[in-house]
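Here's the structure, in structure tokens; my notes come after.
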Amino acid sequence: DGPSVAIVGVTGAVGQEFLSVLSDRDFPYRSLKLLASKRSAGKKVNYENRDYTVEELTESSFDDVDIALFSAGGSISKKFGPIAVDKGTIVVDNSSAFRMDDGIPLVIPEVNPEAMEGIKLKSGKGALIANPNCSTIICLMAATPLHRRAKVSRMVVSTYQAASGAGAAAMEELELQTREYAFNLFSHNAPVLSNGYNEEEMKLVKETRKIWNNKSVKVTATCIRVPVMRAHAESVNLQFETPLDEDTAREILRNAPGVVVIDDRAANHFPTPLEVSNKDDVAVGRIRQDVSQDGNYGLDIFVCGDQIRKGAALNAVQIAELLL
Ligand code: 11C
């Protein structure tokens, strides 16, 4: 008999994806509780041949819940995350509320599962585990296998982010306003900070350092929203401490879990957001030596990953699987 699971924010884009991913992966839950705001409470849902009623999220929602998957925004996580932990629940939180807090693991299962050590299911002790930002997850899925071989000293990231990262309403807006979006792109909608970077860019900088447990890695990013529905694309320039040639890099990435290489120069076939939409794997291509760096100390790669899946729901469910 598996754990009892609750989904917080089940009516949102990521909440819905939690349900698909749990089902696709045959996650062995004993019971399932679907939680949302008062507005959505009472909605009927048929899932895996059983009828559920969406319940209002309250302070008593977590009695007897082993694992709670949260994706209802930072303020809901801040309020209800600690309440759930007090009840002995292990919370996997998709918001940015706790990511940079000391003592809270920020986890990509293929990258740093060891950060969760000591967190045990049914130990009576609750815990919070943070799911990184989607751009960070997609970038580090490809950069980490190379980092393990040749140690990245500096990383420059440029993103081309899908509407899905701004929620279901933004996806609807993209559909309705396709003419305006289709001929344009714009700087990411996250607030711009006093240093000129926006919050999304600084997430890539700070989360990478925490996930790699390396305060000295230099990271800079420019994040752009493009008229794409689900999947993000990222151009990543890497500088290494030791040489790494492109053939070795390609081989390392071919063997990396959760990564697929699409790098056909003759056919000009490389990763695209459409090709990775609704897929679990992150696709990498355009793998080439950076000609601006002497020797084999630099590589350029292009990465695409489904923001709702590996960028959010799948990564959170994989974290929950590590607890089983
Ligand atoms: C985007 N990365 O694509 C955002 C969405 O910190 O979890 C998720 C925001 C976050 O705009």
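Start at 1 and go down the list; that is how both ligands and their atoms are numbered.
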**Report entry** Closest protein heavy atom to atom 5 (C) of ligand 1, given as residue, atom name and distance to 0.1 Å
**Finding:** G165 O, 3.0 Å
Requested in this report: Spell out, yes or no, whether V236 and I262 are grouped together once hydrophobic residues are joined by side-chain heavy atoms under 4.5 Å, including indirect joins.
Outcome: no
Requested in this report: Considering heavy atoms of the protein only, find what lies nearest to atom 8 (C) of ligand 1 and give residue, atom and distance to 0.1 Å.
Outcome: N133 OD1, 3.5 Å
Requested in this report: Starting from atom 7 (O) of ligand 1, find the nearest protein heavy-atom neighbour and note its residue, name and distance.
Outcome: R99 NH2, 2.7 Å
Requested in this report: Look only at interatomic distance and state if S135 has a nitrogen or oxygen under 3.5 Å from any nitrogen or oxygen of ligand 1.
Outcome: no
Report task. Heavy-atom contacts with H232 under 4.0 Å: which atoms of ligand 1 show up? List them by number with element. Result -> 3 (O)
Requested in this report: Return a yes/no value for S95: is any of its N or O atoms, backbone included, closer than 3.5 angstrom to an N or O of ligand 1?
Outcome: no
Query raised in the report: Using the benzene-type ring in the case of Trp, are the ring centres of F18 and Y47 under 6.0 Å apart?
Result: no
**Report entry** Polar proximity ligand 1 side, R225 side, N/O cut 3.5 Å exclusive
**Finding:** yes
Requested in this report: State, with a plain yes or no, whether a side-chain heavy atom of E200 is found less than 4.5 Å away from one of S135.
Outcome: yes
Query raised in the report: Side-chain heavy atoms under 4.5 angstrom apart, residues restricted to Ile, Leu, Val, Met, Phe, Trp, Tyr: same cluster for F98 and L323?
Result: no
Query raised in the report: Looking only at protein heavy atoms, which one is nearest to atom 6 (O) of ligand 1, and how far off is it?
Result: K203 NZ, 2.5 Å
**Report entry** Hydrophobic cluster of I224, others only, ordered by chain and residue number, side-chain cut-off 4.5 Å
**Finding:** Y160, L185, V226, V228, F302
Requested in this report: Check whether the side chains of N296 and D245 place a donor and an acceptor atom closer than 3.5 Å, and report yes or no.
Outcome: no
Query - Within residues 209-225 or reaching into it, pairs that qualify as salt bridge (Lys or Arg N to Asp or Glu O under 4.0 Å) - sequence neighbours excluded - result: none
Query raised in the report: Where does N94 meet ligand 1, judged by heavy-atom distances below 4.0 Å: at the side chain, the backbone, both, or neither?
Result: backbone
Query raised in the report: Looking only at heavy atoms of E199, does any of them come nearer than 4.0 Å to an atom of ligand 1?
Result: no
